[in-house]
Amino acid sequence: MRLLLVGTNHRCADVRIREKLAITPQNVERAYGLFKERFPGAELVILSTCNRSELYVAKPSVHAPPSAEDLRQLLAQISGLSIAEVTTATIHREQEQAAVHLFRTAAGLDSRVLGEPQILGQMRRAYELAVSMQTVGSTTHNLFQQALATAKQLRTRTGIGTSRHSVGTVAIDFARQVFSGFEDKIILVLGAGEMIQTVMPHLRELGPRKLWIVNRTIANAEKLAKRFEIGELYTLTDGSSKSIPGGVRGVQDLDQLLLDADFIVSCTAAQEPVIGYDQLKRAAKKRRYRPVCMADLGIPRDIEPTCDSIRNAYLYNIDDLQAVIADNHEADQSIAGQCETEIQAAAQAVLSRVLHRDLGQLIRKLRTDLQTLGELEQDRTTQRLAGVDPQDTQAIEAVLAEHNHRLINKILHVPLRQLNQHDGQAPLGFYAAALRRLFNLSEAEAQSTAPHQPATLDTSEVTVADLEPPKCTQKP
Amino acid sequence: MPLTFLIRRNFFDPSRSFFYFQSSQTLANPLSDTLTQIGLILATALAGASGVLALKQSRRSDAGESPVPSSPAKPLPAPALLRGLVVGTLVICLAVVAVRWTAARSGSTGGWQPIEVHADGLILMAAMITWCAMWVVRRGRGITLAAFLLFLVAGLNAWAACPANWRPFTTLAPVWHAIHLVGVSLGTAAAAIAAAGGAMYLVAAKRLKQKLRVASPGSQRLSLETLEQIIVKGATTGFVLLTLGLIAGAVMLSREPGAMGGPFYTSIKFWLAVIAWAAYGLLMNARLTPQLRGRYAAWVAIAGFFLLLIVYGIFTVVPSSPAAGGAG
């Protein structure tokens, strides 16, 4: 079995090309249909996400279709791009390299965000779709199952992908170290800009008792509240209803809100601090120094840095949060380095198992065919022997000699016919080396037993490495 | 009497070797003594080992070597070895309590005293704290707290094995005496848990103020809010039990006015115990007392526990002095 990968991803093509090469849910069935029609003996799994469109193919042998060129033509036909554009924008991997790429992708090591977990689910769904399209065989089944299992194991053991990479999520992680839960907490959001919009989904997920949005421009705050359904009932996908009480308040209500707010997230365009030390100190006293966690994501800072010195008040500014993100990134890189070795080993192991299984099947087929040949000759020889006098040893020996001769000729007939055909992809030396190796024929013995003939065959020595067909090169 | 001499006499006197128990008419069961000693040694070793393991796991979790990618609501359980060691420690502690209880019942020639020697109280404390540590370990969150508690258990078991804790009590009110000791012992155990929570609170609050690396979502660290709850709940439980112990002590005094070797108000032990009791009374209302929120509550919890330890220590070192308040 031969493993082949042709596809595009965020490393080798920009978004403009990738979106054209993307195999969407609308055209994926067509893609599978075309593949099955043209290459009925091959296996295929299509992995198409926002950052990659890759075709993982397993075919019976190196010479069997499809080739990398065939797959590019298929992509060109589906996308409407030219072959040249597809060739420039795609990568091509075979055998171990293709397997390693698959394993790395599953583990999130090839993703934009190192270790991102979504790819695992996407790969699982792609595999299941291929199963339903009946293009999955034993090779792709083994590979994908093992890739998914290895990735899951790596993620569980190393935690890759669990690190936070956005200031909003890191701020929430800090808050979780102060508060055990948020069901009885009040969250106060200052501002309604882009940064706050990226943080809002995470804040909503916390399920706080109340969520207030304060902004100088009430209309923007109301838009934000409406978008994230703060203060009104909304329906979840399972049909149940949920609401997060709260809503929009003006800046004039800030003093009152500070009395109740447990977690404050701020990112405004104000040039001066919105929350001052004295203001917060008064509020802290009145709220009996209940713990308060503040995440100041604004530049210039919205909360006076001296507020951190207030008892039971914990303040993190953008620098603190980004330092954590940088730490997380370093830690992830280190983990990724450790994972690479394991992934290489796992990919090699599964590919080796697949190849050995294929070899086993091949040997069984060979044995069966030879067995059939032998039985046919045995029947013929038995019939011949029936007509020979049992005392006539010379006649018996002649029949047996003929049996041997015929059997050897029949066994060698197909291989010798193959040798006589000219195969541009596999030079004669390739077969000669294989024969020597498989049948343990030393060159000296071969030369001493062969009759003298003019040299018509290429007897150049071929090394083991030369037994692999040449790989196609492609642009990154 | 110089303190060093007293310590030497009680802890290092060859005639009071580690494996020697002062016999009395109430301790007539050498087998139970041997089993108790073996149990204490095993419990000390297991508690120490599990404390080390818990600390290692806590550090690994913090360093990100094995951060567990789980949601905050679903932490993964502690390793099986740690759980096994903690359960083993608890089983041995309870077994020792059972052996002591049985020996006291079978060996007593006078009225039965459920708690015959000071070590019984220490063993009871160790059992209660081990149970709390096991709960924390099973919960999977707050392994550092479990490590604190397990080291404390190891210390208590080792202390309980000291000969000085095996002098039998002499009292005319054995039942009240038992209630007094159970109340004080378990109250001290609860105070120990509050103190452990307080120590962890201080460490966690400092880390947060220093903006050290934030824990990943699956980290096993307890939040400040949870640690404050541990302090308050530990203090509340400790207060209730200490109240029981002090009331029983007051009843004993009413029956044996001379038991403390003089007026009760001259006993240092009495005053230290009352101060600790009052501290926990304040602490259990920490959330209502602005001055006691946060780090202050943690410090009060730790100070209160040390006061109680000093009370125990006074008794162990100079049991006969008026400062110690007599036999118990």
remark   = All heavy atoms of B:Val136 vs all of B:Leu145, minimum pair found to be CG2-CD2, 4.1 Å
message = Has A:Thr150 got a side-chain atom pairing as donor or acceptor with A:Ala147's backbone, closer than 3.5 angstrom?
response = no
key: For chain A, the option from B:Leu208, B:Leu227, B:Thr226 that forms the most heavy-atom pairs under 4.5 Å   = B:Leu208
message = Check whether B:Ser223 reaches the backbone of A:Gln177 with its side chain - one donor and one acceptor, N or O, closer than 3.5 Å.
response = no
query = Considering only heavy atoms, which portion of A:Leu321 lies under 4.5 Å from any heavy atom of chain B: side chain, backbone, both, or neither?
reply = neither
ask   = Quick one: what part of A:Lys185 sits under 4.5 Å from any heavy atom of chain B, side chain, backbone, both or neither?
value = side chain
request  = First locate atom CD1 of A:Ile310, then atom OH of A:Tyr277, and finally report the distance between them rounded to the nearest 0.5 Å.
outcome  = 5.5 Å
message = Heavy-atom cut-off 4.5 Å, strictly under: side chain, backbone, both or neither for A:Arg287 against chain B?
response = neither
cation_pi(A:Arg311, A:Tyr289) dist<6.0 Å, angle<=45 = yes
query = With a 4.5 angstrom heavy-atom cut-off, which part of A:Asp320 approaches chain B: side chain, backbone, both or neither?
reply = side chain
